[in-house]
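The basis for the numbers below is simple: all heavy atoms, side chains too, and nothing from hydrogens, waters or symmetry mates. Order of the sequence lines fixes the chain letters, A, B, ..., with proteins taken first and strands second; residue numbering starts at 1 for each chain.
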Amino acid sequence: MSIQVIQPGLLSLLQDAGRYGAHNIGLTTGGPLDRQAFEWANRLLGNQLDACAIEVSFGGLQLQVQADTYIAVAGATMPLQIDGVDMDLWTTHRVKAGSKISLAYAQHGTRTYVAVAGGIQTPSSFGSRSTVVREKIGGLNGGKLVDHDILDCMPTKQLQRYTLPPNLRPQYASHVRLKVVLGYQHALFDRPTKQLFFSSTYTMTDRADRMGMRLEGPNVACGTSQMLSEGICHGAIQVPADGQPIVLLNDRQTIGGYPKIGSMMSRDTARLAQLRPGNTVEFCAVDIHDAHNLNALAAHRFQNTQLAAIDG
Amino acid sequence: MRIEVASENSFIIYFNDHIAAHTSAQIGACATYLRHSMGPLLIDLVPSYASLLVIYHAQMGDHYQVKRLLREALAQVQDESASAGKLIHLPVYYAEESGPDLALLAQRANLSIEDTIALHHNMAYQVYAIGFAPGFAYLGEVDKRLAAPRIATPRLKVPKGAVAIADRQTAVYPSQSPGGWNLIGLCPTPMFNPQQDPPMPVNVGDQIKFEPINRSEFLQQGGDEQLLLEPIA
């Protein structure tokens with residue numbers, strides 16, 4: 001069983017949950033920018049939540065399946081068609097051998113996940129199938145999907161179909177409040193600078209990719225620029241001398257030397273990654289206790305959300 | 001030593017505010033200790049010049065538990081002074097055809113090219129950090145006289161194996177990439193091979209000694225002749 005790429009769209013990448021345990025040789029994590037949408041797509045198929053899927057940025061992907069299987073698409077609202085018929089996102093769909101799947105350009109949000117029953121079975125590298133284009137690792141030959149790529153998949157078995165009730169689906173707004181855990185060099189940022197950072201609105205620029213998102217707004221430089229390079233975690237917010245924050249994401253370099261005020265919670269980097277240039281954000285500070293509680297609560301809610309079964 | 005929160009699931013331990021060999025030894029020992037003591041709680045470690053980033057599974061243990069483990073580790077490595085790492089020899093073909101910035105560095109240091117080369121390979125370097133690109137190891141510190149700022153306009157293509165200097169750091173480019181470091185030679189030993197286990201010949205905490213080789217040794221040891229026929233821009 002396999003799937004053929006007819007048109008890759010602007011940027012479509014194979015991603016599983018990411019590559020862990022390889023920072024010591026300089027490899028970054030990769031993985032889905034919006035972990036929530038990615039996990040929903042897998043869960044709708046009864047897959048392992050970390051199964052490899054396609055992350056479609058902006059849209060334009062067209063696929064053809066070579067054998068009967070099931071798919072689910074979750075994330076930014078990219079109009080989905082199967083053999084020319086409009087289909088719902090956040091829903092399990094049965095697709096027949098030869099069927100064409102197409103995703104138009106996103107109306108809200110930017111990243112959508114196409115999961116396939118059993119997960120995509122491309123070779124893994126350093127324990128993960130995730131593609132990091134900058135490192136030329138993962139995916140098919142380390143690159144983004146191109147025309148004629150063949151993606152191996154598991155043979156199909158009969159699946160119960162589900163949908164996530166519309167009132168439970170995430171909304172992709174154009175202004176979001178994002179939670180930040182103070183950390184790293186936060187003590188170098190004086191009180192007025194921190195107040196400015198947490199009370200201002202920042203705008204997404206077009207310098208935004210899987211490595212990081214550069215935001216524009218009031219200058220919050222801390223005055224220190226000489227720093228030894230150190231490990232950079234997911235969500236770290238670095239502020240170079242120009243005072244404009246950069247949120248570092250899945251494909252970040254693992255070490256760097258700019259001062260950091262703290263790190264965005266991963267649930268919120270997922271929301272950040274759904275924004276477009278010109279959209280706006282505000283930051284709010286949470287302490288490490290709040291962060292753990294919020295994550296535990298969100299995990300609990302995800303586990304207890306019932307999908308609605310679809311007959312037939 | 002100071003433990004700071006870095007994110008919802010990571011801590012960063014600061015061992016020192018400047019680069020020092022004993023600091024590097026402590027970081028290496030601490031990383032090894034945590035790999036054993038944290039078990040499945042550990043996701044990833046990023047050792048660097050004077051710090052260690054520790055990323056953990058926040059679903060498996062809270063930050064109090066992790067912080068306690070970090071304190072235990074720090075108590076264990078307090079007295080570490082010598083690096084437990086290996087000494088690794090890497091061959092380098094130092095020449096103007098393999099190192100286009102060699103002449104400029106020699107001129108700046110007011111040395112002959114031969115003395116400049118000797119100054120680079122006469123000492124052992126500590127592996128302080130790995131990052132920037134897969135397999136890119138930051139080595140230090142080079143002799144003060146060889147310290148050189150990054151070139152004004154970074155090259156679009158630094159070849160695989162290029163031996164380079166920036167400030168008092170030196171490194172071997174593991175693959176062809178853009179870069180702004182000063183190039184002084186070529187190393188035929190692959191620094192990153194995903195098909196090999198381990199994929200890198202060096203780890204943070206190891207020491208590296210460069211061994212000068214000549215043109216024909218470079219080619220015998222797998223060096224790419226193309227890089228010499230069309231010298232690096």
Side-chain angles (χ1 to χ4, degrees), chain A residues 18-29 125-126 132 134-138 142 179-187 226-237 248 252-257 260 262-269 286-296 299, chain B residues 2 4-19 23 31 35 42-55 57-59 61-64 66-67 128-138 169 174-175 177 191-192 194-195 197-200 202-205:
Chain A
R19 189 167 286 107
Y20 298 93
H23 281 349
N24 63 314
I25 50 171
L27 299 185
T28 193
T29 4
S125 155
F126 299 99
V132 178
R134 177 170 56 82
E135 295 175 345
K136 301 186 189 72
I137 284 183
K179 293 174 216 62
V180 174
V181 180
L182 286 175
Y184 278 115
Q185 289 78 31
H186 72 97
Q226 282 293 331
M227 242 188 70
L228 290 174
S229 285
E230 61 184 28
I232 304 176
C233 64
H234 181 262
I237 302 174
L248 295 161
R252 69 198 176 280
Q253 291 179 357
T254 54
I255 66 173
K260 296 171 282 300
S263 300
M264 192 175 291
M265 290 184 65
S266 56
R267 298 188 56 77
D268 285 355
T269 59
V286 291
D287 67 22
I288 185 76
H289 308 278
D290 293 337
H292 282 202
N293 290 341
L294 288 165
N295 281 336
Chain B
R2 191 160 53 86
E4 285 279 354
V5 166
S7 77
E8 63 183 15
N9 71 334
S10 59
F11 282 107
I12 185 158
I13 312 174
Y14 293 106
F15 290 77
N16 203 338
D17 57 8
H18 59 269
I19 299 173
T23 299
R35 254 181 241 290
L42 182 67
I43 295 180
D44 239 320
L45 290 170
V46 187
S48 190
Y49 291 97
S51 65
L52 177 63
L53 178 71
V54 183
I55 306 168
H57 278 287
Q59 301 87 333
D62 64 25
H63 74 289
Y64 290 114
V66 176
K67 205 164 180 177
Y128 283 115
I130 292 171
F132 171 63
F136 191 98
Y138 291 85
Q169 307 177 104
S175 56
S177 72
M191 292 300 285
F192 183 74
Q195 267 72 53
D197 188 31
M200 282 190 72
V202 303
N203 280 309
V204 171

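The CG atom of B:Asp62 lies 7.5 Å from the NE2 atom of A:His292; values are rounded to the nearest 0.5 Å. Rounded to the nearest 0.5 angstrom, B:Leu42 CG and A:Tyr20 OH are separated by 13.0 Å. Taking CE of A:Met227 as the reference point, atom CG of B:Asp17 lies at 12.0 Å (rounded to 0.5 Å). Taking CG of A:Leu228 as the start and CZ of B:Phe15 as the end, the distance is 13.5 Å to the nearest 0.5 Å. The CE atom of A:Met264 lies 12.0 Å from the OG atom of B:Ser7; values are rounded to the nearest 0.5 Å. Atom OG in B:Ser48 sits 9.5 Å away from atom CD1 in A:Ile232 (nearest 0.5 Å).
Proximity to chain A (any heavy atom under 4.5 Å) is restricted, for B:Ala133, to the backbone atoms N, CA, C and O. For A:Thr29, no part lies under 4.5 angstrom from a heavy atom of chain B. Contact of A:Ala22 with chain B is made through the backbone alone, with heavy-atom distances under 4.5 Å. In this structure, chain A has heavy atoms under 4.5 Å from both the backbone and the side chain of B:Ile43. At a 4.5 Å heavy-atom cutoff, the contact between B:Pro134 and chain A is made by backbone and side-chain atoms alike. Contact of B:Phe192 with chain A is made through the side chain alone, with heavy-atom distances under 4.5 Å. Using a 4.5 Å cut-off between heavy atoms, A:Leu294 does not touch chain B at all. With a 4.5 Å cut-off on non-hydrogen atoms, B:Tyr14 touches chain A through its side chain but not through its backbone. Residue B:Arg2: no heavy atom, backbone or side chain, is found under 4.5 Å from chain A. Both the backbone and the side chain of B:Ile130 come within contact range of chain A, with heavy atoms under 4.5 Å apart. Proximity to chain B is absent for every atom of A:Ser125, based on heavy atoms less than 4.5 angstrom apart. Only the side chain of A:Asn295 comes within less than 4.5 Å of a heavy atom of chain B; its backbone N, CA, C and O stay farther away.
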Set out, in order, the CA-CA distance, both residues' side-chain angles and the distance that settles ring pair (Phe, Tyr, Trp, His ring centres under 6.0 Å) for A:His289 and B:Tyr64, then state yes or no. CA-CA 10 Å; A:His289 308 278; B:Tyr64 290 114; 5.7 Å; yes
Evaluate B:Phe132 against A:Ile255 for side chain to side chain contact (heavy atoms under 4.5 Å, CB included), listing each step before the verdict. CA-CA 7 Å; B:Phe132 171 63; A:Ile255 66 173; 5.7 Å; no
Please determine whether side chain to side chain contact (heavy atoms under 4.5 Å, CB included) holds for the pair B:Phe136 and A:Ile25, giving the CA-CA distance in whole Å, both sets of side-chain angles, and the decisive distance to 0.1 Å. CA-CA 8 Å; B:Phe136 191 98; A:Ile25 50 171; over 6 Å; no
Where do A:Val181 and B:Val5 land on the side chain to side chain contact (heavy atoms under 4.5 Å, CB included) test, with the steps shown first? CA-CA 8 Å; A:Val181 180; B:Val5 166; 3.8 Å; yes
List the steps, then state whether side chain to side chain contact (heavy atoms under 4.5 Å, CB included) holds for A:Glu230 with B:Leu53. CA-CA 8 Å; A:Glu230 61 184 28; B:Leu53 178 71; over 6 Å; no
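The candidate from A:Ala291, A:Gly235, A:Cys233, A:Ala236 with the greatest count of non-hydrogen atom pairs under 4.5 Å with chain B is A:Cys233. Ranked by heavy-atom pairs under 4.5 Å with chain A, the first of B:Val46, B:Asn9, B:Val204 is B:Val46. Chain A forms the most heavy-atom pairs under 4.5 Å with one residue out of B:Ala58, B:Ala129, B:Gly131, B:Ala50, and that residue is B:Gly131.
Put simply, the side chain of A:Ser229 does not reach to within 4.5 Å of the side chain of B:Tyr138, judged on heavy atoms.
At a cut-off of 3.5 Å, with distance as the only test, no side-chain donor of A:Ser263 or B:Glu8 sits close to an acceptor on the other residue.
A donor-acceptor pair under 3.5 Å links the side-chain atoms of B:Asp44 to the main chain of A:Gly21, judged by distance alone.
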